[in-house]
Amino acid sequence: QVQLVESGGGLVQAGGSLRLSCTASGRTVSSYAVGWVRQAPGKEREFVSAITLNGGMTSYADSVKGRFTISRDSAKNTVYLQMNSLKPEDTAVYYCAADPSRRVLLTKRVPDFGSWGQGTQVTVSS
C-alpha cells in the first residue's frame, strides 16, 4: 500500500506560478511512477504529468507541455510539479497518484493510477 501526501495548492493570478509537492511512502514505492491528475468542476479527471521515482522518465499532457515541469527527489520519494504561466483553465483539484507498473507514462490513462492522495485545490484567477 502506498500513501501519498500533497501540498502546495492555492490561489494565484493568471500568468503566475505555483509548485505542488507529493511525498510517497511505502515499501516498494521507489520503483513506481508518481504523477498528477486534475479534476475541474463538472469535468472528468485528466492526466497532467508523471515521473518515475528511480529513473526520472517523464510524461506530460499536451495541455501543459512547456508550462509545467515535473521533477523528483529520489532520496525523499517526493515529486514536484512546477506550474508556470498558469491559466484560468488550469483551475482544478490536483491529485497525486501512483502507478506500480509505470505504464501510465506511455498510456496517460487515469485508470492506470492505483493509489491516490487527498487532492489539493489550485485556483487561477483571470
Can a donor-acceptor pair be found between the side chains of Arg19 and Ser17 at a distance below 3.5 Å? no
For Gln1, does the CD atom have more than 12 heavy-atom neighbours from other residues, nucleotides or ligands under 6.0 Å away? no
So, Ser59 side chain and Ser49 main chain: donor-acceptor pair closer than 3.5 Å or not? no
With heavy-atom distances below 4.5 Å as the criterion, would you say the side chains of Cys96 and Val34 are in contact? yes
Mark yes or no for whether Arg103, through its side chain, and Asp99, through its backbone, hold a donor-acceptor pair below 3.5 Å. no
Can you check whether Phe68 reaches Gln82 side chain to side chain, under 4.5 Å on heavy atoms? no
Does a side-chain heavy-atom distance below 4.5 Å link Ser125 with Val12? no
Under 3.5 Å, is there a donor on one side chain and an acceptor on the other for Asn54 and Ser30? no
Rounded distance (nearest 0.5 Å) linking atom CG of Leu81 with atom OG1 of Thr120: 11.5 Å
Minimum heavy-atom distance between Leu53 and Ser74, given as atom pair plus value: O-OG, 2.8 Å
Decide whether Val64 and Val110 are clustered together by the hydrophobic rule: side chain heavy atoms of Ile, Leu, Val, Met, Phe, Trp, Tyr closer than 4.5 Å, transitively. no
Are Val93 and Val122 connected in the hydrophobic side-chain network, where two residues link if heavy atoms are under 4.5 Å apart? no
Is the shortest distance from a Lys or Arg side-chain nitrogen in Arg109 or Asp112 to a carboxylate oxygen in the other one below 4.0 Å? yes
Evaluation steps, side-chain contact (heavy atoms from CB on, under 4.5 Å), between Leu18 and Leu86: CA-CA 8 Å; Leu18 280 175; Leu86 282 162; 4.2 Å; yes
Quick check: do Phe113 and Phe47 have side-chain heavy atoms less than 4.5 Å from each other? yes
Linked, directly or transitively: Ile70 and Val29 (ILVMFWY side chains, under 4.5 Å): yes
Answer yes or no on whether Arg38 is positioned over the face of Tyr94, meaning its NZ or CZ is under 6.0 Å from the six-membered ring centre and within 45° of the axis. no
State whether the side chain of Lys87 and the backbone N or O of Ala14 hold a donor-acceptor pair below 3.5 Å, judged by distance alone. no
To the nearest 0.5 Å, tell me how far Thr58 OG1 sits from Leu105 CG. 8.0 Å
In short, Arg72 meets Gly55 closest at the heavy-atom pair NH2-C, 3.7 Å
Mind checking whether Trp36 and Val79 have side chains closer than 4.5 Å, heavy atoms only? yes
Under 3.5 Å donor-acceptor, Arg67 side chain and Ser85 backbone: yes
Heavy-atom donor-acceptor pair, Thr52 side chain to Ala33 backbone, under 3.5 Å: no
Can you give me the closest heavy-atom contact between Leu20 and Gly9, atom names plus distance? CD2-N, 3.6 Å
Pair Glu6, Gln118: side-chain N/O donor-acceptor within cut-off below 3.5 Å: yes
Can a donor-acceptor pair be found between the side chains of Thr78 and Asp73 at a distance below 3.5 Å? no
Is Tyr60 close to Val48 at the side-chain level, that is, under 4.5 Å between some pair of heavy atoms? no
Decide whether Thr123 and Gln121 meet the rule of one side-chain donor and one side-chain acceptor closer than 3.5 Å. yes
Does any N or O in the side chain of Thr91 come within less than 3.5 Å of the main-chain N or O of Val124, such that one atom is a donor and the other an acceptor? yes
If you draw the axis of the six-membered ring of Tyr32, does the NZ or CZ of Arg102 fall within 45° of it and under 6.0 Å from the ring centre? no
